[in-house]
Q: 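Once you've had a glance at the structure underneath, I'll fire off some questions.
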Amino acid sequence: MKLKVEHKVGIFIIATVLLALAGLAYMAYKKGVFQAETTYVVSSRTGDGLSVGMPLYFSGFKIGKVKELELSEEGLVMIRISIPDNHAKWIRSDSKFLLEKPLIGAARLTVATKNMMSAPLSPQTAAVLTEVNDINDAIQRVQPILDQLAAITENVAALTNRLADPQGEMTKILKHSEKLTASLSARDSLLEMALGDRKSVRDFHASLRNTRQITDQVIVLLRKTDEDVYGKDGVLPMVVKALRELAANLVKTGATLDNVVKITSDAADSTKDLKLLRSDIDSAANSLNRLLDELNRKMPFRTEPRIELP
Amino acid sequence: MIYSDMLYFVENIGGKGLQSALSFKDAMSFSYLILARLFDRRAYNSAVSMVLLNQIYFTAVQILPLFLTAAICLSIAFVGIIGEYLLSIGLFSLFGPLLVNFMIAEIAPFATVLLIALRSSSAINAEIAVMKVNKELNTLEVFQIDIINYLFLPRVIAGIVSVVLLTCLFAVVIVVCGLIYSGFFFNMSARDYIATLLESAGFFDLIAMTVKSAVFGFFIVMIPIRHGTRATDELTSIPVAVRHGMVNVFIAIVIIEVLSLVVTPMISKLI
């Protein structure tokens, strides 16, 4: 069956409109358009960073949005936040509403609940909004650095003032430098400036020339000495030769000494025999003595000494 | 010599400026005339309904296969490019906002209006120019048939309806292609995908998209009609009228697009 133009157009329009409406309805349903909402009131000292439509986050999830902002009789900003009923359970009497102002980026409205067992927050009760300001924190941290920078700036200012002072040290140094450079420009050389006059410079140059001549002579002398000492027929080779001969002679003397040592040891051996002979003679003499004593005891050849009295 | 050349140059610019201003004024007057009839109940009758039906058929239904193919190809290409790029720079969280605020709110109406303009605006322009050359418009006037009601109004309404509906269809194609592509290539579940879209989508954006599509639809039909009626009695004036009409249609598309980018955020802030 071939469809008529009217049917084709009708199907196209109906299908497209239905698709679009279905999409819209699903989106509206998911966004909670058909859901009942509860409006909570939160007071704040300032409306800075707040705007209508601003989302309210709980644990990173968007659970509501700012519906209205108005100024109360007391000068407080009253924030009306609408929250779908299925999210209202997160809002408790001890819930804390925070306005987080990060250093970079837009302000963020969040609610934090520690005790989920506490009583639900009444829509008639106005909670207080607490501001968490990263900018102020950052300023507080940066303040000491800024103070130090201020001190450094003051020092730099003082330094520049000293530099700019006509009676200051820097001015004096500059004046001296000027004099020095003027003096330097008036002289032929630094040496002239140091010595004072040209005659002294000439004398200095003459001294230098004399020193150079002496140095040349010393160099010639040293060359000659070198030749005499280290040359082929110099002193040093001769000394070396003599020392070598002396070493050879010492070797020979060593052999002779060995012989002497040997002779000495032999002599020492002979001395041992003499000691034996002497001990024999000593023992014979002792025997003779003992014999004489025995004889004296047995045969008194000698009268006893007497003491003659007067 | 130089002075006369400069004078000629200035005169030329002045002439072009005046011509453009008059043309703009003429276009606005014609737009006002069409808009006034659009909201006039007496303009509608069975003959108008029949023309309207045929125009919607020619403009929206006949183009459907080509349109859907183009929409699917463009959606997959854009979703792929955007998704892959966001993934590579670690900003995939912006996938939803970009899909809604760029693809659906901007690309869908723009691509739709380009396709309709290429196919239908040129046809309408040529049709009206031929009718003018063949003196059919004069004949209708002789028979006291209101050409605005009978010829122009149904085409303008068909243009508005077609662009709006096809834009909605394009948006649906984008959402579906995005769902399939992100599921296959980004391992994104349908639930996450829909949640991301819902988080980013706002009713105002959709309303703005619809209004923009309607404005596009109005001008891409109204401008060719106006240029078609400006054809002379000669056959050679037909291509000239079509060329002028199409150039102006594309200029109008760009102007509306730029204006929408400027005006929409301002209205959004006010609301």
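Letters A, B, ... mirror the listed sequences (proteins, then strands); counts begin at 1.
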Q: The criterion is side chain to side chain donor-acceptor pair (under 3.5 Å); which residues satisfy it with A:Gln167, sequence neighbours excluded?
A: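 With neighbours one apart ignored, the set is empty.
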
Q: I'd like to know whether the aromatic ring centres of B:Phe186 and B:Phe95 sit less than 6.0 Å apart in this structure.
A: yes

Q: Run A:Arg80 and A:Glu70 through salt bridge (charged side-chain N to carboxylate O under 4.0 Å, His left out) and show every step you take.
A: CA-CA 8 Å; A:Arg80 297 192 188 281; A:Glu70 60 183 19; 2.8 Å; yes

Q: Examine distances only and state if a side-chain atom of A:Thr171 and a backbone atom of A:Asp165 form a donor-acceptor pair shorter than 3.5 Å.
A: yes

Q: So for B:Leu206, is it side chain, backbone, both, or neither that comes closer than 4.5 Å to the heavy atoms of chain A?
A: side chain

Q: Over all heavy atoms of both residues, which pair between A:Tyr40 and A:Pro123 is shortest? Give the atoms and the distance, please.
A: CD2-CA, 4.1 Å

Q: Step by step, work out the side-chain contact (heavy atoms from CB on, under 4.5 Å) result for B:Leu38 and B:Ile160.
A: CA-CA 11 Å; B:Leu38 205 63; B:Ile160 294 170; 4.3 Å; yes

Q: Under a plain distance cut-off of 3.5 Å, with no hydrogens placed, do A:Thr38 and A:Asp85 share a side-chain donor-acceptor pair?
A: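 A:Asp85 vs A:Thr38: donor-acceptor pair found between side chains.
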
Q: Chain A heavy atoms under 4.5 Å from B:Leu197: which part of the residue, side chain, backbone, both or neither?
A: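 Neither part.
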
Q: Which bit of A:Ala15 comes within less than 4.5 Å of chain B, counting heavy atoms only: side chain, backbone, both or neither?
A: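 Neither part.
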
Q: Looking only at N and O atoms, which donor-acceptor pairs between chain A and chain B are within less than 3.5 angstrom?
A:
| unit_1 | atom_1 | unit_2 | atom_2 | d |
| --- | --- | --- | --- | --- |
| A:Lys8 | NZ | B:Tyr57 | OH | 3.4 |
| A:Lys31 | NZ | B:Leu198 | O | 2.7 |
| A:Lys31 | NZ | B:Ala201 | O | 2.8 |

Q: Using non-hydrogen atoms only, which part of A:Ile11 is less than 4.5 Å away from chain B: side chain, backbone, both, or neither?
A: neither

Q: Side chain of A:Ser44, backbone of A:Leu129: donor and acceptor closer than 3.5 Å?
A: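 Here the side-chain-to-backbone pair does not exist.
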
